[in-house]
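Data first, discussion second: the structure below is written as structure tokens.
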Amino acid sequence: MMKRKSKKAKQVADENAPLLPTKRGEEGGLDEFNGASFSGAVFNLSTTIVGAGIMALPATMKVLGLPFGIFMIVFMALLTERSIDMLLKFSRAGKSTSYGGVMEDAFGKTGRILLQLCVLINNIGVLIVYMIIIGDVLSGTSSSGMHHAGVLEGWFGSQWWNGRLIVLLITTVFVFAPLACFKRIDSLSYTSALSVGLAVLFLVIMVGIAVIKLLSGTVMMPRLLPDVTDMNSFWKLFTVVPVLVTAYICHYNVHSIDNELEDSSQIKGVVRTAIGLCSSVYVMTSLFGFLLFGEGTLDDVLANFDTDLGIPYGAVLNDAVRVSYAAHLMLVFPIVFYPLRLNIDGLCFPSSGPLVSNNKRFSLITIVLICLIFTGATFIPSIWDAFQFTGATAAVCLGFIFPASVTLRDRYGIATTKEKSLAILMIVLAVFSNVVAIYSDAYALFKKNGVPSDM
């Protein structure tokens with residue numbers, strides 16, 4: 001068994017600090033942690049990627065049309081893989097063990113702080129989305145004046161204990177809080193494997209439903225091209241970019257996973273395998289989700305699974321789809337929570353010792369963050385709103401602008417002309433598309449509230 005490299009045994013108090021490669025023994029001693037496996041790393045990174053973003057992808061097909069929507073999913077996967085390669089290349093050159101370390105190496109403390117703030121915004125937004133979806137699935141939601149019943153409401157009727165607030169509170173206390181208490185990310189490899197399995201189960205059931213309906217001739221031909229009738233509808237196409245960006249964000253966990261790998265040379269293979277797996281799941285989910293519901297596809301496609309599917313055992317399949325993905329999100333929660341907690345610690349206690357060795361600080365940060373996320377999920381109505389905010393701000397910085405900026409800064413003179421050209425393209429695409437998305441969202445909001453469009 002290969003031993004851990006000495007630099008990876010160093011505890012770094014920032015957003016991606018690797019935990020010490022040891023574990024507490026039964027007699028209070030320390031047993032050596034020999035490193036995470038390739039498969040465990042793939043599961044952890046895949047779980048970071050395949051979160052709530054998948055639920056909004058069928059809605060992007062409704063905006064873009066099927067062919068262009070699928071192309072954008074694949075294109076975003078390729079850009080994500082290249083941006084992570086950029087980070088890893090400069091990590092090796094600067095001997096950095098974290099995303100924050102790479103940013104500090106390139107831009108000083110300002111770069112590290114900007115990175116930490118973006119991880120906070122992105123991860124809090126994503127975790128709020130997880131809770132919103134779980135609330136939608138278990139307790140129901142309302143959209144366009146229609147009420148979509150939750151699983152518990154369908155099983156037991158409307159009761160005080162299956163209301164949204166109570167269900168989220170119980171889930172937070174008995175599921176999220178215990179899972180958030182693990183101090184090493186590799187400890188979550190088994191729950192990550194289970195979560196990936198649940199995501200695949202969700203996909204298999206949905207594909208099966210779509211195939212049955214296709215064979216019976218009850219599925220209408222999906223729209224192949226975007227519905228563009230004027231300039232406002234054209235600008236609306238760009239509102240899907242923040243959603244697609246958020247769907248692939250995993251950069252903040254790459255170094256944590258790399259630092260715990262038994263063989264760190266495997267990290268590029270881990271990244272490519274995880275992104276390939278996740279992009280396949282994304283394409284299948286988008287394709288068959290849009291086939292099933294067409295123009296009636298909701299922002300959260302899980303909410304569509306409360307209708308009569310018109311096939312045998314449709315109600316059972318509806319519940320299986322929703323429950324399997326709600327369980328998946330519950331298991332994803334600690335993977336995204338892990339770097340969030342380390343970021344808060346790095347910002348609030350930059351000169352303190354390792355977070356893992358201070359139980360009081362660890363517990364305090366965990367409790368405060370979970371309470372904040374719970375409060376946000378209680379008051380934010382839609383996952384699309386949350387995705388638009390985090391995707392157009394923090395996520396685009398984490399996924400593209402920061403890695404591209406590090407490449408252009410090229411402190412060690414190792415970036416090729418091709419890499420610098422790609423970095424410029426990433427920044428231009430990210431800034432332009434997200435500025436347009438923010439404008440389109442603001443215009444739609446003003447129009448909805450009766451504000452004159454020329455304001």
Atom of Met86, atom of Ala423 and distance for their closest heavy-atom approach: CE-N, 4.1 Å
Neighbour count above 12 (heavy atom, 6.0 Å) for Tyr412 OH: yes
Full working for side-chain contact (heavy atoms from CB on, under 4.5 Å) between Phe75 and Leu244: CA-CA 10 Å; Phe75 177 69; Leu244 291 169; over 6 Å; no
Geometric class of the Tyr325/His328 ring pair [parallel <30°, tilted 30-60°, perpendicular >60°]: tilted
Set of residues satisfying salt bridge (charged side-chain N to carboxylate O under 4.0 Å, His left out) with respect to Lys420, sequence neighbours excluded: Asp410
Exam field: side chain Arg361 to backbone Phe349, donor-acceptor pair closer than 3.5 Å: no
salt_bridge(Asp258, Arg92) N-O dist < 4.0 Å: yes
Polar side-chain atom of Tyr248 near backbone of Leu78 as donor-acceptor pair, under 3.5 Å: no
Sidechain-backbone polar pair: Thr273 side chain, Val270 backbone, donor-acceptor under 3.5 Å: no
Contact summary for Leu45 and Ala274, nearest pair of heavy atoms: CD2-CB, 3.8 Å
Which atom of Ser279 lies closest to which atom of Ala77, heavy atoms considered: CB-CB, 3.9 Å
Contact summary for Ile335 and Thr47, nearest pair of heavy atoms: CG1-CG2, 4.0 Å
Polar contact flag, side-chain donor to acceptor under 3.5 angstrom, Asn343-Tyr99: no
Distance-minimising heavy-atom pair for Ala430 and Val396: CB-CG2, 3.3 Å
Expected output: side-chain Thr60 to main-chain Leu57 donor-acceptor under 3.5 Å: yes
side-chain contact (heavy atoms from CB on, under 4.5 Å) between His251 and Ile84, worked out: CA-CA 7 Å; His251 303 61; Ile84 294 175; 3.6 Å; yes
is_close_aromatic(Phe293, Phe305), centroid dist under 6.0 Å: yes
Under 3.5 Å donor-acceptor, Arg112 side chain and Asp105 backbone: no
Value rounded to 0.5 Å, distance of CG in Asp345 from CZ in Phe362: 10.0 Å
Side chain to side chain, Ile134 and Phe176, heavy atoms closer than 4.5 Å: yes
